[in-house]
Amino acid sequence: MNYWLMKSEPDVFSIDDLKAAPRRTTAWDGVRNYQARNFMRDGMKRGDQVFFYHSNCDVPGIYGIGRISAEAYPDETAFQRGHDHYDPKSRRDAPTWYVVDVTFVRKFARAVSLETLKQHHADLPEMLILRRGNRLSVTPISEHEWQFINALT
DNA sequence: GCCAACGTTGGC
DNA sequence: GCCAACGTTGGC
């Protein structure tokens with residue numbers, strides 16, 4: 001099993017929205033970065049666990065956990081003319097962009113804020129989210145990082 | 001709202 | 001292939 005971190009702006013889609021979604025599951029659409037897509041399409045397997053990160057908000061950080069409930073399939077929003085995420089270069093016979101399904105597992109009693117993660121930088125030296133200027137919305141998480149951060153909650 | 005960092009685009 | 005211009009991300 002692998003571990004991941006996925007960012008979402010809570011004003012757009014929060015962990016509470018995931019919990020409230022039908023079957024507590026959503027298609028993680030709108031990823032339009034090749035590196036992030038490759039992690040989703042080539043790396044994510046059913047059962048992988050995911051830190052749900054809130055970005056662009058008052059207290060950025062990890063708010064809970066989800067799991068991958070369906071492996072990659074084409075992102076329908078890329079085919080929809082007029083959609084915010086429409087991309088004419090993605091075609092049904094040769095999709096450029098993919099989604100995975102993410103299912104709610106639990107919300108942390110207390111979020112692990114970015115500030116807290118930074119305070120533990122020495123214990124999380126490889127963590128991509130702590131790298132200066134890193135904007136990737138999907139990043140791998142090591143077993144050590146997964147255990148360490150869970151122990152903070 | 002600001003702005004640094006980054007990815008993409010397109011002219012050459 | 002280079003690189004300036006541009007758009008986006010996301011912390012602050």
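Being a predicted model, the structure only gives us computed values, none of them experimental. First the proteins, then the strands, lettered A, B, ... as listed; each starts at 1.
Taking atom NZ of residue Lys89(A) and atom P of nucleotide dG10(B), one finds them 10 Å apart after rounding to whole Å. For the pair Arg131(A) CZ and dC6(B) P, the computed distance is 11 Å after rounding to whole Å. If you measure from atom CG of Leu136(A) to atom P of dG7(B), you get 8 Å, rounded to the nearest angstrom. Distance His85(A) NE2 to dG7(C) C1': 14 Å, rounded to the nearest Å. Note: CZ (Arg32(A)) to P (dG10(C)) measures 15 Å, nearest angstrom. Here the C1' atom of nucleotide dC6(B) and the CG atom of Asn134(A) are 9 Å apart, to the nearest Å. Atom CG in Asp84(A) sits about 11 Å away from atom P in dT9(C), given to the nearest Å. The CG atom of Asn33(A) sits 12 Å away from the P atom of dT9(B) (whole-angstrom rounding).
No hydrogens or angles considered: a donor-acceptor pair under 3.5 Å links the side chains of Arg32(A) and Thr77(A). With no hydrogens or angles considered, no side-chain donor-acceptor pair links Asn150(A) and Thr153(A) at under 3.5 Å.
Picking from dT8(B), dG11(C), dT9(B) the nucleotide with the shortest atom distance to the side chain of Tyr34(A) gives dT8(B).
For the pair Asn56(A) and Gly133(A), both in contact range of DNA chain B, the more 5′-proximal nearest nucleotide belongs to Asn56(A).
Aromatic ring orientation, Phe51(A) versus Phe108(A): perpendicular (interplanar angle above 60°, classes split at 30° and 60°).
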> Would Trp4(A) and Phe52(A) count as a ring-ring contact (aromatic ring centres under 6.0 Å, His included) if you check the C-alpha gap in whole Å, the side-chain angles of each, and the deciding distance to 0.1 Å?
Replying inline: CA-CA 9 Å; Trp4(A) 308 93; Phe52(A) 196 117; over 10 Å; no

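The shortest distance between the side-chain N/O atoms of Tyr53(A) and the OP1/OP2 oxygens of dT9(C) is not below 4.0 Å. Contact between the side-chain N/O atoms of Lys7(A) and the OP1/OP2 oxygens of dG11(C) is not found at any separation under 4.0 Å.
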